[in-house]
Amino acid sequence: MKAVELLRQYGVKFNALVTVNRHNVKYPIEVYRFLVDELKVSYIQFTPVVETKNFKSAAPQFFNDAAVPFLGSPEARPGNVMSIVTDWSVDPDDWGNFLKVTFEEWINNDLGRVMVNLFETAVAQTMGKPSQLCVTSEFCGKAIAIEHTGDIYSCDHFVYPEYKLGNINDQDLPDMALSVRQEGFGMSKRDSLPEYCKRCPHLNLCWGECPKNRIIKTPDGEIGLNYLCSGIKTFFDFAQPILVGLITVMNTGANKALLSKSSARPDGF
């Protein structure tokens, strides 16, 4: 809060990146209104905390298939002794409720005034526009990470030896970024989706979310389902009809300026 006061004192604009974990996910209104009313931020990024228990040693997609839990099982939620995720990871159903409650608060009180990354891109995608975020895009692979050693990795969520592209001391960055290996990494976001996802009515809004969170099995036993799936479906079941209705009303002409402002991608996202 002292840092916030300094930023305000010197007129420095700032956004809020909020990691939603097992605890604060229980307080969606309190979290959202604190950000808007007390911090007075205009741009909010909500990021769900999802970490496997062996995240320090095991790279995403390099799991023991036999140990991968099913959707809805106790092992696919935090707090269970056999859970695949850490205790501080967000519960998938709580994540869905968090998004529902904050979305309703946002759309009723702050639409066009406060930009929330997951809601803004949902508006844009419902309008048929491309996703504004990598996690809800059809493809990924553009968020290349560089370490202090010069090592380059496919993504900042995939900084593991299995996803190392090279080192800038040995190779040119464009060559690594545009390599066949990196292209394959990005395309696999869509190509590795389980059939359960392909049949989902919300596929074009979700695209399986972030591949690093695809750590559980579908009800049919297919590997590669997103840990947050149940919560994401709950949110879109609630929000999609509202988004369609909103866009229909706004496209009548009276509020086109507001819609245009709302669906524009702000700096920092």
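The figures that follow rest on heavy atoms only: side chains count, while hydrogens, waters and symmetry mates do not.
In terms of hydrophobic clustering, with Ile, Leu, Val, Met, Phe, Trp and Tyr side chains grouped at heavy-atom distances under 4.5 Å, V68 and L193 are assigned to different clusters. One hydrophobic cluster, built from ILVMFWY side chains closer than 4.5 Å, cannot hold both L17 and V12; they sit in different ones. V101 and M115 are assigned to two separate hydrophobic clusters, defined by single-linkage of ILVMFWY side chains at heavy-atom distances under 4.5 Å. With hydrophobic clusters built from ILVMFWY side chains whose heavy atoms lie under 4.5 angstrom apart, I29 does not share a cluster with V116. Both F34 and L7 belong to a single network of hydrophobic side chains, linked directly or stepwise wherever heavy atoms of I, L, V, M, F, W or Y lie under 4.5 Å apart.
In this structure, T126 contributes its side chain and A122 its backbone to a donor-acceptor pair below 3.5 Å. The main-chain N or O of V244 is found under 3.5 Å from a side-chain atom of T248 such that the two form a donor-acceptor pair. A donor-acceptor pair under 3.5 Å is formed between the side chain of R214 and the backbone N or O of G208. The closest donor-acceptor contact from the side chain of N108 to the backbone of E104 lies under 3.5 Å. No side-chain donor-acceptor contact under 3.5 Å links S83 to the backbone of A76. Checked by atom type and distance alone, the side chain of N21 pairs as donor or acceptor with a backbone atom of N24 at under 3.5 Å. The backbone N or O of K164 lies less than 3.5 Å from a partner atom in the side chain of R181, making a donor-acceptor pair.
Between K217 and L71 the shortest side-chain heavy-atom distance does not fall below 4.5 Å. K53 is not listed as a side-chain neighbour of V85, based on a closest heavy-atom distance of 4.5 Å or more. Using a 4.5 Å heavy-atom threshold, the side chains of V123 and L243 count as touching. Residues V90 and V50 meet the side-chain proximity criterion, which asks for heavy atoms closer than 4.5 Å. Using a 4.5 Å heavy-atom cutoff, the side chains of E51 and W88 are in contact. A 4.5 Å side-chain heavy-atom check between R77 and D93 finds at least one atom pair inside the cut-off. The shortest distance between side-chain heavy atoms of E38 and V4 does not fall below 4.5 Å.
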Going through the distances and angles, do T47 and T19 end up as a side chain to side chain donor-acceptor pair (under 3.5 Å)? CA-CA 5 Å; T47 300; T19 50; over 6 Å; no
Assess whether side-chain contact (heavy atoms from CB on, under 4.5 Å) is satisfied between N54 and I84, documenting all intermediate values. CA-CA 8 Å; N54 61 351; I84 195 173; over 6 Å; no
The test is side-chain contact (heavy atoms from CB on, under 4.5 Å); show your working for Q125 and N204 and say whether it passes. CA-CA 8 Å; Q125 288 173 267; N204 290 338; over 6 Å; no
For T234 and W95: C-alpha separation, side-chain torsions, deciding distance, then whether side-chain contact (heavy atoms from CB on, under 4.5 Å) applies. CA-CA 9 Å; T234 295; W95 173 241; over 6 Å; no
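Judged purely by distance below 3.5 Å, without hydrogens or angles, the side chains of E75 and N80 never pair a donor atom with an acceptor atom. With no hydrogens or angles considered, no side-chain donor-acceptor pair links N213 and N226 at under 3.5 Å. Counted by atom type alone, D220 and T218 present zero donor-acceptor pairs between their side chains at under 3.5 Å.
Here the NZ atom belonging to K212 is positioned 13.0 Å from the SG atom belonging to C140, to the nearest 0.5 angstrom. Rounding to the nearest 0.5 Å places NZ of K233 at 13.5 Å from CG of L228. In this structure, CE on M1 lies 11.5 Å from CG on L6, to the nearest 0.5 angstrom. Considering CD1 of I216 and SG of C229, their distance stands at 6.5 Å, rounded to 0.5 Å. One finds the CE atom of M187 at 12.5 Å from the CD atom of Q182 (value rounded to the nearest 0.5 Å). Summarising the geometry, atom NZ belonging to K189 is positioned 9.5 Å from atom CZ belonging to F139; distances are rounded to the nearest 0.5 Å.
I152 shares a hydrophobic cluster with I144, I146, L165, I168, L173, M176; the chain of contacts runs through ILVMFWY side chains whose heavy atoms sit under 4.5 Å apart.
No option in T102, D110, N109 other than D110 meets the side-chain hydrogen bond (donor to acceptor under 3.5 Å, both in side chains) test with Y32. Under the side chain to side chain contact (heavy atoms under 4.5 Å, CB included) test applied with I44, the options N117, L39, V18 reduce to a single match, V18.
Among all heavy-atom pairs drawn from I223 and P194, the shortest one is O-CB, 4.4 Å. Between F70 and P219 the shortest heavy-atom distance is CE2-O, 4.1 Å. The nearest pair of heavy atoms linking F62 to A58 is O-CB, 4.3 Å. Of all the heavy atoms in E162 and A59, the pair that sits closest is OE1-CB, 3.4 Å. Considering all non-hydrogen atoms of both residues, Q132 and A124 come closest at NE2-CB, 3.8 Å.
Not counting sequence neighbours, the partners of F103 by the ring-ring contact (aromatic ring centres under 6.0 Å, His included) test are W106, F119, F235.
Of the charged side-chain nitrogens involved, none lies within less than 4.0 Å of a carboxylate oxygen, so that E5 and K2 do not count as a salt-bridged pair. In summary, D91 and R22 do not engage in a salt bridge, as defined by a charged side-chain N under 4.0 Å from a carboxylate O.
The environment of CE in M82 is sparse: at most 12 heavy-atom neighbours from other residues, nucleotides or ligands sit within 6.0 Å. At most 12 non-hydrogen atoms from other residues, nucleotides or ligands lie less than 6.0 angstrom from NZ of K56. Within a 6.0 Å sphere centred on CD of E183, heavy atoms belonging to other residues, nucleotides or ligands number 12 at most.
Counting only residues at least two apart or in different chains, ring pair (Phe, Tyr, Trp, His ring centres under 6.0 Å) contacts with residues 183-232 comprise F158-F185, Y163-F185, H202-F236.
Checked against a 6.0 Å centroid threshold, the rings of F46 and F98 count as neighbours.
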